[in-house]
Amino acid sequence: MSRKIFKNVIVIGQGYVGLPLSVNAAKSGYKVYGFDISNEKVEQLKKGHTDSPEIKKSDLLRMQKKGIIEFTSTIPKLNKQSIYVIAVPTPLDSNRKPDLSMLINACELVASVIEDNSLVVNESTSYIGTLRNLIKPTIDKLSSAKNIIYAVAPERIDPGNIKWDMKNTTRVIAGLDGIAGQVTVSFYSKFCNQIHIVSKPEVAEAAKLFENTFRQVNIALVNELSNIADSIGFSTHETIRAASTKPFGFMPFFPSIGVGGHCIPVDPSYLAFSAEAVGVEAKFINLANLTNSSMPKIIAERIKIFLDGNLSSKRIQIAGITYKPNISDIRESPALDLIHELKLLGASVSWYDPFVMKYNDQQSTELNSDIDLGLIVTPHDQIDFSIWKKTGVKVLDLSANSTNYGWTKFL
Ligand SMILES: NC(=O)c1ccc[n+]([C@@H]2O[C@H](COP(=O)([O-])OP(=O)(O)OC[C@H]3O[C@@H](n4cnc5c(N)ncnc54)[C@H](O)[C@@H]3O)[C@@H](O)[C@H]2O)c1
């Protein structure tokens with residue numbers, strides 16, 4: 001049987017990365033099995049519920065009814081060659097080193113069902129060499145299937161971004177051999193406008209890590225500038241806007257309370273891990289991690305000075321605690337660290353987030369004016385700030401790129 005004709009796609013992991021892929025592949029004519037180890041997630045998807053802002057409930061229900069997509073918490077055994085796409089989390093462990101337990105588990109599950117001539121594509125972000133040295137050996141060792149081919153196609157999705165989506169964001173692809181590269185390109189070109197093929201998987205893996213490291217380092221640099229600007233007494237935002245008038249050689253980044261989500265605070269540590277494995281010290285990455293992760297403490301101290309040097313029993317309310325606007329993801333959100341730091345300094349902290357009902361036993365509380373200070377951290381579009389505007393409470397805007405509400409841009 002030719003390995004070039006694939007009709008079935010099994011996507012392992014139905015989160016921010018896996019679900020949009022399942023939907024796009026199903027719309028492109030594949031029969032898709034959206035497999036997730038979480039029974040609860042699968043039950044939600046069957047009802048059309050998802051956290052991915054770009055996926056419509058009506059689409060999910062319609063596609064399931066048509067039978068082009070099926071959600072399941074048991075990895076399907078199809079008895080025919082298929083495409084397996086791995087899209088599971090790759091976090092850091094408590095020592096901030098790669099935790100690939102979910103990726104390894106995904107490989108073991110794939111190995112238990114995969115048939116001859118199938119294609120395995122990894123979309124999960126991981127260290128350089130993961131496809132060649134971990135995914136392929138794990139699956140090949142546990143499966144008796146022959147001629148399995150392997151490729152990487154790192155995902156670049158930015159959940160909630162309405163300008164850049166899976167279709168118009170170029171996809172970088174590499175196969176472990178020529179045929180794997182070809183069939184992977186043929187699959188992705190059904191729903192991605194532009195494909196960029198690179199010579200080997202290590203280049204694609206490194207490019208993914210480097211993109212996010214570039215952001216991590218530049219955000220750290222501008223956060224450092226904001227610390228300098230605060231001590232001297234000028235506006236970082238105004239400075240960046242002025243520097244941005246240079247038409248070449250400059251790209252603006254804006255200060256914030258730190259970095260969050262499953263990518264920017266995590267991926268650079270995967271690159272540092274690759275560096276350390278070959279005896280290279282990733283100095284910039286380590287410094288950027290430290291600079292960004294120090295920001296919540298620094299900001300809490302600055303807020304204390306702003307409130308006359310004393311936060312004891314001061315009532316502070318935070319607007320938005322997810323790591324970026326208009327999504328519900330709180331993974332690695334620096335807002336959570338800021339809450340912790342403010343509480344350590346004695347403040348009484350409440351927060352409002354329409355996407356998060358409860359965190360750490362604390363409930364979201366509607367914005368109110370019975371406070372000493374409001375902090376805009378993650379300005380979701382649906383937050384109505386009129387109560388703060390009407391009552392004239394003190395507000396600081398800490399967000400990186402919000403529209404200007406007319407309040408003090410603090411950073
Ligand atoms: N979220 C982003 O913006 C983004 C962007 C680009 C790349 N990535 C990368 O994509 C990967 C997935 O991230 P995500 O944000 O989609 O994660 P996510 O947490 O949103 O979703 C992952 C899903 O995988 C499921 N899962 C875990 N282990 C499994 C297993 N063994 N078998 C089947 N399902 C399993 C989880 O239940 C979860 O629903 C990560 O490597 C991440 O770094 C994420």
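All of these numbers come straight from a predicted model, not from anything done at the bench. Numbering of ligands and ligand atoms starts at 1, following listing order.
- Figure legend: K394 and F306 shown as a cation-pi pair, the cationic atom lying under 6.0 angstrom from the six-membered ring centre and within 45 degrees of its axis.
- Under the 3.5 Å distance criterion, the side-chain polar atoms of T130 are left unmatched by any main-chain donor or acceptor of S126.
- Side-chain contact of Q216 with N292: a donor-acceptor pair under 3.5 Å is present, judged by distance alone.
- For L290, the CG atom is densely surrounded, since the number of other residues' heavy atoms within 6.0 Å is greater than 12.
- For an aromatic pair to be called close, the ring centres must be under 6.0 Å apart, and F35 with F71 fails this.
- P89 CD, 3.4 Å is the protein heavy atom nearest to atom 22 (C) of ligand 1.
- Within ligand 1, counting atoms from 1 as listed, the ones closer than 4.0 Å to a heavy atom of E155 are 6 (C), 7 (C).
- On a distance-only criterion, T125 and ligand 1 share at least one N/O pair closer than 3.5 Å.
- Any N or O atom pair closer than 3.5 Å counts here, and V17 shares at least one such pair with ligand 1.
- Side chains of K208 and Y270: no donor on one and acceptor on the other come within 3.5 Å.
- Within the 3.5 Å criterion, the main-chain N or O of I114 finds no donor-acceptor partner in the side chain of S118.
- The single protein non-hydrogen atom nearest to atom 25 (C) of ligand 1 is D36 OD2, 3.3 Å, given as residue, atom name and distance.
- Residue R331 holds the heavy atom nearest to atom 18 (P) of ligand 1 of all those in Q44, E40, E211, R331.
- For atom 42 (C) of ligand 1, the closest heavy atom belonging to the protein is H262 CD2, 3.2 Å.
- One finds no salt bridge joining D329 and K324 here, because no Lys/Arg side-chain nitrogen approaches an Asp/Glu carboxylate oxygen to under 4.0 Å.
- The pair K97-E276 meets the salt-bridge criterion, since a charged nitrogen lies less than 4.0 angstrom from a carboxylate oxygen.
- Contacts with ligand 1 closer than 4.0 Å are made by side-chain heavy atoms of P159 only, the backbone lying farther away.
- Each of K56, R62, K57 was checked for a salt bridge (Lys or Arg N to Asp or Glu O under 4.0 Å) with D59, and the lone residue meeting it is R62.
- Residue, atom and distance of the protein heavy atom nearest to atom 2 (C) of ligand 1 are C263 SG, 3.8 Å.
- Within ligand 1, counting atoms from 1 as listed, the ones closer than 4.0 Å to a heavy atom of I12 are 32 (N), 33 (C).
- Judged by distance alone, the side chain of N24 and the main-chain N or O of P20 form a donor-acceptor pair under 3.5 Å.
- For F273, the ring pair (Phe, Tyr, Trp, His ring centres under 6.0 Å) partners at least two apart in sequence or on another chain are Y127.
- Protein heavy atom closest to atom 29 (C) of ligand 1, with residue, atom name and distance, is V88 CG1, 3.6 Å.
- The N/O atoms of Y16, backbone and side chain alike, include one that comes under 3.5 Å of an N/O atom in ligand 1.
- Atoms of ligand 1 found under 4.0 Å from any heavy atom of K208, numbered from 1 in the order shown, are 6 (C), 7 (C).
- Taking any N or O of K41, backbone or side chain, at least one lies under 3.5 Å from an N or O belonging to ligand 1.
- Ranking protein heavy atoms by distance to atom 21 (O) of ligand 1, first place goes to G15 CA, 3.1 Å.
- The heavy atom nearest to atom 33 (C) of ligand 1, out of those in I37, V110, V42, is found in I37.
- The shortest N or O to N or O distance between D329 and ligand 1 is not under 3.5 Å.
- Remark: minimum distance from atom 31 (N) of ligand 1 to any protein heavy atom is reached at N105 OD1, 2.8 Å.
- Every N/O-N/O distance between Y323 and ligand 1 stays at or above 3.5 Å.
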